[in-house]
Amino acid sequence: MKYPFGEIESKWQKIWEEKHVYKTNLSDDEKKIYCLVMFIYPSAAKMHIGHWYNYAPTDTWARFKSLNGFNVFEPIGYDAFGLPAENYAIKTGVHPQDSTLKNINDIREMLKRMGGMYDWSAELMTCVPEYYKWNQWLFLQLYKKGLAYRKNAPVNWCPSCKTVLAREQVLGDGSCERCGTTVIQKALTQWFFKITDYADELLDGLNKINWPEKTKAMQFNWIGKSIGTEVDFQIEGHEEKITVFTTRPDTLFGVTYIVLAPEKELVQKITKLEFKEEVNKYIDSIKSLSEVDRTSTVKEKTGVPTGAFAINPVNGERVPIWIADYVLATYGTGYVMAVPAHDERDFEFAKKFNLPIKKVILEPDTEECKELEKAFTDVGVMINSGKYNGLKSDFGIQKISEDLEKQNIGKRTVNYRLRDWLISRQRYWGTPIPIVHCEKCGEVPVPESELPIVLPYNVNFKPDGGSPLASSEEFLHTVCPKCGGPAHRDVDTMDTFVDSSWYYLRYLNPKFKDGMFDKQLADKWTPVDTYVGGAEHAVMHLLYARFIHKFLRDIGLVNSDEPFAKLIHQGTITNQGAKMSKSKGNVVDPNYFLETYGADVFRMYLMFMGPYETGGDWGDKGIVGVDRFVQRLYSIFEAHKNLCKEYPSFEKYNLSEFNASEKNIYRKTNQTIEKVSVEIDNFRFNTAVAALMELLNEIKNLDECRKDFQTFVLERFAILLAPLAPHFAEECWEMLGKDQSIFESKIWFSADKSALTVDEVNIAVQVNGKLRATIRVPFNSDEIFVKDISHKDDHVSKWIEGKTIVKEIFVKNKIFNIVVK
RNA sequence: GCCGAAGUGGCGGAAUUGGUAGACGCGCUGGACUCAAAAUCCAGUGGGGAUUACACCUCGUGCCGGUUCGAGUCCGGCCUUCGGUACCA
């Protein structure tokens, strides 16, 4: 009979639910494992196979750990706020809350159908006040510590979504991550979280976590720590000065001009009257450029002079001040000292605008008078640098910095590429920011007792610019918590990365009322032991979560430094070479496979396809192989119904009492237990499945074995299958005559180590490294014995006859290599 | 451009510290069953050569070189693909 997956899957899902086998007892943390998979974004109604590829293998790992006696907590939830739901509402008129809740219901059904071991009592969604109240509370804590602040800043603005995007949400081609529209620059007053205060700690922490090296490298580069010096330049005819940041103070004598980022306010102040028109024209011309456009290496450099001059503090030279878009207001001080001789960008710029190039570092083995063809950026000997002449330039960096500090015109400092986290969004479907704006008192934080500030249901979320919440009169108007006068609420909402920065703490008790999360549980259960999710989150989400975790530690709420001890990235499943996405229309729907093969075959096939961390292009060719495997097994178990009741197995067998088939099968069974355990433990599901297929091939002669031994083998087979194909394994287990669910009784067998080794091994006999024969010898035979047999072997002797044996290499149980001349 | 990862049969992919390359599966070929087909079962299956047949020989892990008794694995230099990133002063 064909394996009736439909009824069996629903049967066991019902039993698991009734018996609460997935409920984790969080008060017992002795052998705890917090296994977390990145929560799901319910933007599309259906889960596609990419989601399955993420969730099913992780579930297999969690089930494996659970059967091995660990107390595993595996929760699931929904990253429910965000743009797609709102964009969908604008298009169709369906309210984001309604569409999101419906999608969540569909997804929950699918996750249950998949057979996920999720603790449903820990399910959470971020779009409910019970959750986002604590985003607001978190905001207030950051605010109290001065880590949430407002500033006017040039921001990435998506004209289509009419919202500000974080830099990280703008794709490489300058388009909006969510809708694909080209992003423009716009200045707005926005809320920021001061992640830069934690930059150093975020760097140091990378050494303490078991994460993929490449992910750590990406975070390292993203933070981009650089050590340098700030130097003050006086502006001719102005009180103010220009402070530049440089990593090369040794080139200070080579400065031939200064460049300001065009959007800096100072530009307006110092620009000479006759240059104003050109300068403003230039500023206008780059406004439409996205930061990516501005910073493109292929684009020719542009810029205009301001007519103003600065004085070089070390030699009193008068140098012109320019503005150019290659200088960014957001990095360093926004002002750059240009040394064309020793910086590639400055060199290119100076060449184009005929600015002087002054050599101050001499390249080893070159002449001072030789004209530079390109910037020399390495270490050399300082020249044209007054009293520093003759010093090696790397030493000059130290020396000049010291002297600048003594004269109070410079200061050694550290700069980060990392910017503060912009969290304001001019959007409806998110967490309202708990700030009130009062005409008298200015910005006033909402008292904690008044939280949550509930997101109103009735708003106009049409894309007419600005924040939709401003259209809700009752939301907007309030009284000032400080003076009681009329005030209005902040109408922006928070970036959804705030939600995902602490959800792993909330899972431990999503209904907790006395705080953001249950600290007692968090102290016991965090850090998360194993976190699984896509590599696309390598810098954004994973860096923000680390920051928030460290902040929570600093206010005494968690007792660890890092949120995620171990990180695994599942690979991406592509379709015809492209990432699956609704917009590309290449999403593969799992339903066909569920209806044809069932959930277990489908999830096992996903794991069998290849290494979990590699992913790959989707193809369904091989699924029939996994299906055949399951069908064959099903017939075997069907043919041995109630076997364990009639012929109970022994725990251990002695090889000497076995016939040949029994001996082979006993050995293979134990080897498979060993192999599958190690492979699943290391997220190598493909080889675990292959090992089970090998075992199936081996037990073709099962009927030649003693009955109680047949029980022994089939018991183990069912248990080994359980993490991979949980419904099917339960059914097999029951067919054998077992009364209790595998996952209720938590069984895992360990291998009989004495049965792992073999009596005889094949040894490869080589002559000059070429395989000439394989001989079968007793396990652990010594060299003399192997040598004797090898030399007598015809296939070997014909290659060594008449030759001189130079040497012989013997590796026990593996190889015997004869080197002849 | 820079950083990172990867290139193995017709296909997805296996291969402890260097030690019999191609596990497992798909596909394909042949056979059994069947009136026939599907399904199922059995056998074979890297390329080339050679043989009545069994032996057997030879080439082979992107390309070129190196280390070694021995290299998919280590080293040097290329090529290709895929990710990440982009004037960071």
Side-chain angles (χ1 to χ4, degrees), chain A residues 2 172 212-215 217-218 220-222 224-226 228 244-248 251 259 261 291-292 294-299 301 324-328 330-339 342-346 348-349 415-419 535-536 538-539 571-572 574 577 579 605 608-611 613-629 631-632 635 678 684 686-697 700 762-775 794-795 798 806-820:
Chain A
K2 205 161 158 30
E213 284 307 317
K214 86 176 211 184
T215 307
M218 275 159 106
F220 182 89
N221 293 330
W222 191 264
K225 182 175 184 171
S226 70
V244 301
F245 173 76
T246 180
T247 53
R248 293 295 303 276
T251 63
V259 192
E291 193 165 279
V292 173
R294 271 175 69 162
T295 56
S296 160
T297 42
V298 285
K299 178 180 146 278
K301 298 237 175 320
D325 63 355
Y326 79 90
V327 174
L328 304 176
T330 46
Y331 182 79
T333 59
Y335 310 132
V336 168
M337 64 178 219
V339 186
H342 307 292
D343 181 282
E344 282 155 23
R345 295 152 299 176
D346 299 342
E348 199 190 313
F349 193 83
N415 229 302
Y416 299 93
R417 182 187 173 278
L418 179 72
R419 298 172 192 180
E536 67 272 20
V539 271
T572 310
T574 55
K579 208 171 162 180
Y605 174 60
F608 184 60
M609 276 186 353
E613 282 161 72
T614 306
D617 208 45
W618 170 250
D620 58 11
K621 270 177 153 183
I623 194 167
V624 294
V626 178
D627 186 48
R628 280 174 200 157
F629 168 70
Q631 299 300 343
R632 278 174 207 157
S635 350
V678 174
R684 291 192 296 257
N686 54 332
T687 43
V689 175
L692 288 169
M693 288 174 167
E694 283 188 54
L695 181 58
L696 174 63
N697 292 339
K700 270 172 194 158
N762 287 325
I763 286 192
V765 183
Q766 303 180 335
V767 178
N768 286 348
K770 287 199 173 174
L771 180 72
R772 294 305 176 191
T774 49
I775 56 171
D794 291 345
H795 304 308
K798 74 174 180 188
V806 181
K807 89 194 214 197
E808 288 172 319
I809 293 110
F810 176 67
V811 181
K812 204 175 236 181
N813 298 321
K814 279 199 171 141
I815 208 156
F816 185 67
N817 188 11
I818 306 164
V819 185
V820 296

Distance check, [atom1] atoms only: [N] and [M], in whole angstrom units.
N	M	atom1	result
U61(B)	A15(B)	C1'	11 Å
G25(B)	U40(B)	P	14 Å
G46(B)	C79(B)	P	34 Å
C24(B)	A43(B)	P	12 Å
G60(B)	C54(B)	C1'	25 Å
A6(B)	U16(B)	P	14 Å
U73(B)	C82(B)	P	24 Å
C57(B)	A50(B)	C1'	8 Å

Among [options], which nucleotide sits nearest the side chain of [X]?
X	options	value
W222(A)	U20(B), G13(B), U85(B)	U85(B)
Y331(A)	A89(B), C56(B), G13(B)	A89(B)
N697(A)	C26(B), A89(B), G25(B)	G25(B)
A690(A)	A14(B), C88(B), C24(B)	C24(B)

Report which part of the nucleic acid [X] touches: base, sugar-phosphate, or nothing (heavy-atom distance under 4.0 Å, all strands).
X	value
T774(A)	base
K700(A)	sugar-phosphate
R772(A)	sugar-phosphate
V624(A)	sugar-phosphate
K621(A)	sugar-phosphate

Practice prompt. Please name all residues satisfying salt bridge (charged side-chain N to carboxylate O under 4.0 Å, His left out) with D343(A), sequence neighbours left out, ordered by chain then number.
Written response: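 So D343(A) forms a salt bridge (charged side-chain N to carboxylate O under 4.0 Å, His left out) with R345(A).
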Tell which nucleotide pairs with [N], taking only Watson-Crick or G-U wobble pairs whose two distances are both under 3.5 angstrom.
N	result
C28(B)	G44(B)
C56(B)	G49(B)
C2(B)	G84(B)
C33(B)	none
U17(B)	none

Worksheet item: Are there more than 12 heavy atoms of other residues, nucleotides or ligands under 6.0 Å from atom CD of E344(A)?
Response: no
Worksheet item: What distance separates I815(A) CD1 from T774(A) OG1, expressed to the nearest 0.5 Å?
Response: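 Output value for this atom pair is 11.5 Å.
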For a quick test of reading the model: is some side-chain N or O of [X] closer than 4.0 Å to OP1 or OP2 of [N]?
X	N	value
K2(A)	U40(B)	no
R417(A)	A89(B)	no
R628(A)	U40(B)	yes
R684(A)	A14(B)	no
H795(A)	A55(B)	no
N686(A)	C24(B)	no
S226(A)	A89(B)	yes

What is the distance, rounded to the nearest whole Å, between atom [atom1] of [X] and atom [atom2] of [N]?
X	N	atom1	atom2	value
L692(A)	G25(B)	CG	C1'	13 Å
F608(A)	G13(B)	CZ	P	11 Å
E344(A)	A86(B)	CD	P	18 Å
D620(A)	G12(B)	CG	P	14 Å
R345(A)	A89(B)	CZ	P	7 Å
D617(A)	U81(B)	CG	C1'	13 Å
E613(A)	G83(B)	CD	C1'	15 Å
I815(A)	U20(B)	CD1	P	6 Å

Discussion item. Taking atom types as they are modelled, would you say the side chain of K214(A) forms a donor-acceptor pair with the base of C3(B) within the 3.5 Å cutoff?
Written reply: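 No pair found.
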Is any side-chain heavy atom of [X] closer than 4.5 Å to a side-chain heavy atom of [Y]?
X	Y	answer
K807(A)	V819(A)	yes
V327(A)	Y335(A)	no
N221(A)	R417(A)	no
I775(A)	F816(A)	no
M609(A)	V689(A)	no
T251(A)	M337(A)	yes
F245(A)	T247(A)	yes
R632(A)	L696(A)	yes

Item to complete: Hey, which sits more toward the 5' end of RNA chain B by its nearest nucleotide, N762(A) or G616(A)?
Response: G616(A)
Practice prompt. For M609(A) and for A691(A), locate the closest nucleotide of RNA chain B by heavy-atom distance; then report the residue assigned to the nucleotide nearer the 5' terminus.
Written response: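 Here M609(A) is the residue nearer the 5' end.
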Practice prompt. Quick one: classify the glycosidic conformation of G48(B) as syn or anti, with syn meaning within 90° of 0.
Written response: anti
Fill in: Test item: T572(A) side-chain N/O and T574(A) main-chain N/O as donor-acceptor pair under 3.5 Å
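No; judged by distance alone, with no hydrogens or angles, the pair does not exist.
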Discussion item. Any side-chain to backbone donor/acceptor pair from N415(A) onto S226(A)? Under 3.5 Å, distance only.
Written reply: no
Anything under 3.5 Å between a protein N or O and an N or O of nucleotides 59-62 of chain B, put it in a table, one pair a line.
{"from": "C59(B)", "atom 1": "OP2", "to": "K770(A)", "atom 2": "NZ", "distance (Å)": "3.4"}

Discussion item. I'd like to know whether D627(A) forms a side chain to side chain contact (heavy atoms under 4.5 Å, CB included) with K2(A), so could you lay out the CA-CA distance, the side-chain angles of the two residues, the decisive distance to 0.1 Å, and finally the verdict.
Written reply: CA-CA 10 Å; D627(A) 186 48; K2(A) 205 161 158 30; 3.8 Å; yes
Discussion item. Walk along nucleotides 67-74 of chain B from 5' to 3' and tag each nucleotide B, S or - by protein heavy-atom contact under 4.0 Å, base first, then sugar-phosphate.
Written reply: --B-----
